[in-house]
**Q** 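Pasting in a structure now, in structure tokens, and then I'll have a few things to ask.
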There are 2 protein chains.
Amino acid sequence: MTDLLARRDTWSTANCSIAAALDVVGNRTTLLLLREASLGTRRFDDFAHRAGVSEPVAATRLKQLVADGLLERRPYRQPGQRTRDEYLLTPKGRDLLPVLAALRQWGDTYAVDEPSIRVAHRDCGAPVQVRLRCDAGHDVPADEVAVLPGPGLLPTTPPATPDLPAQPCHTHPCHTRSET
Amino acid sequence: MTDLLARRDTWSTANCSIAAALDVVGNRTTLLLLREASLGTRRFDDFAHRAGVSEPVAATRLKQLVADGLLERRPYRQPGQRTRDEYLLTPKGRDLLPVLAALRQWGDTYAVDEPSIRVAHRDCGAPVQVRLRCDAGHDVPADEVAVLPGPGLLPTTPPATPDLPAQPCHTHPCHTRSET
DNA sequence: GAGCTGACTTAGGAAAACCAAAGCCAGCTA
DNA sequence: TAGCTGGCTTTGGTTTTCCTAAGTCAGCTC
């Protein structure tokens, strides 16, 4: 019952939460705007310029982010200026920070020469990393992750092509072979 | 020197590692294919059908993933069949699993009614979560993250519009207001 | 009360991404 | 050696995403 991966064709990813998350944040611009929000950007023009997108795109995406509940638009006022609106991360939006952190961590390792910013623990100064951890408190490396059925699991209607002898990712040759 | 966010306009995100990562995995299809790879999918047709994309798209993206070094294409042979190619995660591709895990965690919380699969620690059975942790071993909540300059930080050429009194994300009103 | 500025919107168009349907090819099986 | 199957590629068309350039509008400042 627990060997889901061995019967990969008996269940579908129709209601996959990764796909559902990607429906909200599945494009580059949206994630760049969220990056800016997490770095303290609040004004429309700053969002557009710092994320490197045009104003029409910024307007469209910010509107969508507010509609999706990731940002909140609220009026603010600077002395001697008129009332304006600013965009602030909601708790729902803030909960996407691990996604940004994971992307940054991977990008630091594989996609840039040198990181432009570092992320540290404010209280102790030590670098912050994204980790997988189980509720029992263990660090969980990628090869110790097990996939189990959840309450929303949907069976597939058509029994698809007979599968390869399925293996979870961690038993693949890719995890034991010598690195290139 | 450490209050980067207060001088957000003095540095640019031109070489941002998040943007660089998004250049590689910044579209929905790519991440869905990586999801499938992490769930043990190895054959072309299975990638296309399970990720829900057409064959031409699957072919293009898989080719790109191999070119980017996230997947490795290698011949395999089942008894009584001819030699075929399969796609396996490389270590570089496997290091993106925290991104998928973070997306799944967010999606489970906000984007689906009930998760279709659960992820557990193989050794102890406890649910696995994505966490931010510092090298000193502390759990780091979002409001204790500090942003520091890295070696690749680029200054901006044009001093942009005078900024709002900048605040790191964790001091925003969004973190202290009552939730809706 | 004219001008400026921040915050957008509108218009028009280019590029990227995606799809369905059909075709191609290698190499087993019969 | 004819047919089947997995693994693609080609064709043609639609949708999405993004751009530049220009216009709008509210409400301070002068």
Side-chain angles (χ1 to χ4, degrees), chain A residues 9 19 22-33 36-37 41-68 71-88 159-165, chain B residues 9 19 22-34 36-37 41-68 71-88 158-165:
Chain A
D9 272 311
L22 290 175
D23 285 340
V24 178
V25 295
N27 70 64
R28 179 188 168 84
T29 304
T30 298
L31 285 167
L32 291 179
L33 290 172
E36 286 308 321
T41 297
R42 291 191 268 168
R43 299 197 309 202
F44 177 84
D45 270 22
D46 289 336
F47 273 111
H49 297 142
R50 294 174 185 173
V53 301
S54 67
E55 290 180 353
V57 171
T60 305
R61 292 270 163 254
L62 286 172
K63 209 169 289 177
Q64 190 60 50
L65 283 167
V66 170
D68 289 335
L71 295 181
E72 182 192 14
R73 191 172 166 180
R74 54 162 59 183
Y76 75 97
R77 177 161 219 162
Q78 282 185 286
Q81 304 237 327
R82 74 169 194 270
T83 302
R84 307 191 188 291
D85 284 332
E86 62 181 352
Y87 298 90
L88 296 178
T161 56
D163 210 4
L164 288 183
Chain B
D9 272 313
L22 290 175
D23 285 340
V24 179
V25 295
N27 69 67
R28 180 187 167 85
T29 305
T30 298
L31 285 168
L32 291 179
L33 290 172
L34 286 172
E36 286 308 320
T41 297
R42 290 191 268 167
R43 299 196 310 201
F44 178 84
D45 270 22
D46 288 337
F47 274 110
H49 297 140
R50 294 173 184 173
V53 301
S54 66
E55 291 180 354
V57 170
T60 304
R61 292 269 163 255
L62 286 172
K63 209 168 289 178
Q64 189 60 49
L65 283 166
V66 170
D68 289 336
L71 294 180
E72 183 190 14
R73 190 173 164 179
R74 54 162 58 183
Y76 74 98
R77 176 161 220 161
Q78 282 185 285
Q81 304 238 327
R82 74 171 195 269
T83 302
R84 306 193 189 289
D85 285 331
E86 62 181 350
Y87 297 89
L88 296 178
T161 55
D163 209 5
L164 288 182

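These numbers come from a predicted model, not from an experiment. Chain naming here is simple, since letters A, B, ... match the order of the sequence lines and numbering starts at 1 in each.
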**Q** Send over the distance from Phe47(B) CZ to dC18(C) P, rounded to a whole Å.
**A**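 About 16 Å, once rounded to whole Å.
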**Q** Of the nucleotides dC19(C), dC18(C), dC19(D), which one has an atom closest to the side chain of Val57(A)?
**A** dC19(D)
**Q** Do Gln64(A) and Val24(A) have side-chain heavy atoms sitting under 4.5 Å apart?
**A**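 Heavy-atom side-chain distance check fails, nothing below 4.5 Å.
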**Q** Considering only heavy atoms from C-beta outward, does the side chain of Asp45(A) approach that of Glu55(A) to under 4.5 Å?
**A** yes
**Q** Can you tell me if Arg28(A) uses its side chain to pair, donor with acceptor, with the backbone of Ala19(B) under 3.5 Å?
**A**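 A pair under 3.5 Å: yes.
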**Q** Arg61(A) has an atom CZ; how far is it from atom C1' of dC19(D), in whole Å?
**A**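 About 14 Å, once rounded to whole Å.
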**Q** How long is the line joining CG of Leu22(B) and P of dA16(C), in whole Å?
**A** 18 Å
**Q** Using whole Å, what does the distance between atom P of nucleotide dA20(C) and atom NE2 of His49(B) come to?
**A**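 Going from His49(B) (NE2) to dA20(C) (P), I get 10 Å.
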**Q** In chain order, what residues pass the side-chain hydrogen bond (donor to acceptor under 3.5 Å, both in side chains) check against Thr30(B), with sequence neighbours excluded?
**A**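 With neighbours one apart ignored, the set is Asn27(B).
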**Q** Hey, could you give me the CG/CG distance between Leu34(B) and Leu62(B), rounded to the nearest 0.5 Å?
**A** 9.0 Å
**Q** Any side-chain donor paired with an acceptor under 3.5 Å for Arg61(B) and Thr29(B)?
**A** no
**Q** Output a table of nitrogen or oxygen pairs between the protein and nucleotides 7-9 of chain C separated by less than 3.5 Å.
**A**
{"unit_1": "dC8(C)", "atom_1": "OP1", "unit_2": "Arg73(A)", "atom_2": "NH2", "d": "2.7"}
{"unit_1": "dC8(C)", "atom_1": "OP2", "unit_2": "Tyr87(A)", "atom_2": "OH", "d": "3.1"}
{"unit_1": "dC8(C)", "atom_1": "N4", "unit_2": "Glu55(A)", "atom_2": "OE1", "d": "2.6"}
{"unit_1": "dT9(C)", "atom_1": "OP1", "unit_2": "Lys63(A)", "atom_2": "NZ", "d": "2.6"}
{"unit_1": "dT9(C)", "atom_1": "OP2", "unit_2": "Lys63(A)", "atom_2": "NZ", "d": "3.1"}

**Q** Between Asp46(B) and Glu36(B), is there a side-chain heavy-atom distance shorter than 4.5 Å?
**A**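 Sidechains of Asp46(B) and Glu36(B): no contact.
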**Q** Atom CD of Gln64(A) to atom P of dT16(D): distance rounded to whole Å?
**A** 13 Å
**Q** Rounded to whole angstrom units, what separation is found between the CG atom of Leu62(A) and the C1' atom of dG6(C)?
**A** 14 Å
**Q** Enumerate the residues from residues 24-34 of chain B whose closest heavy atom to DNA chain C is under 4.0 Å, giving them by residue number; use none for an empty result.
**A**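 Result for residues 24-34 of chain B: Thr29(B), sorted by number.
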**Q** Measuring from atom CZ of Arg73(B) to atom CD of Glu86(B), what distance do you get when rounded to the nearest 0.5 angstrom?
**A** 11.5 Å
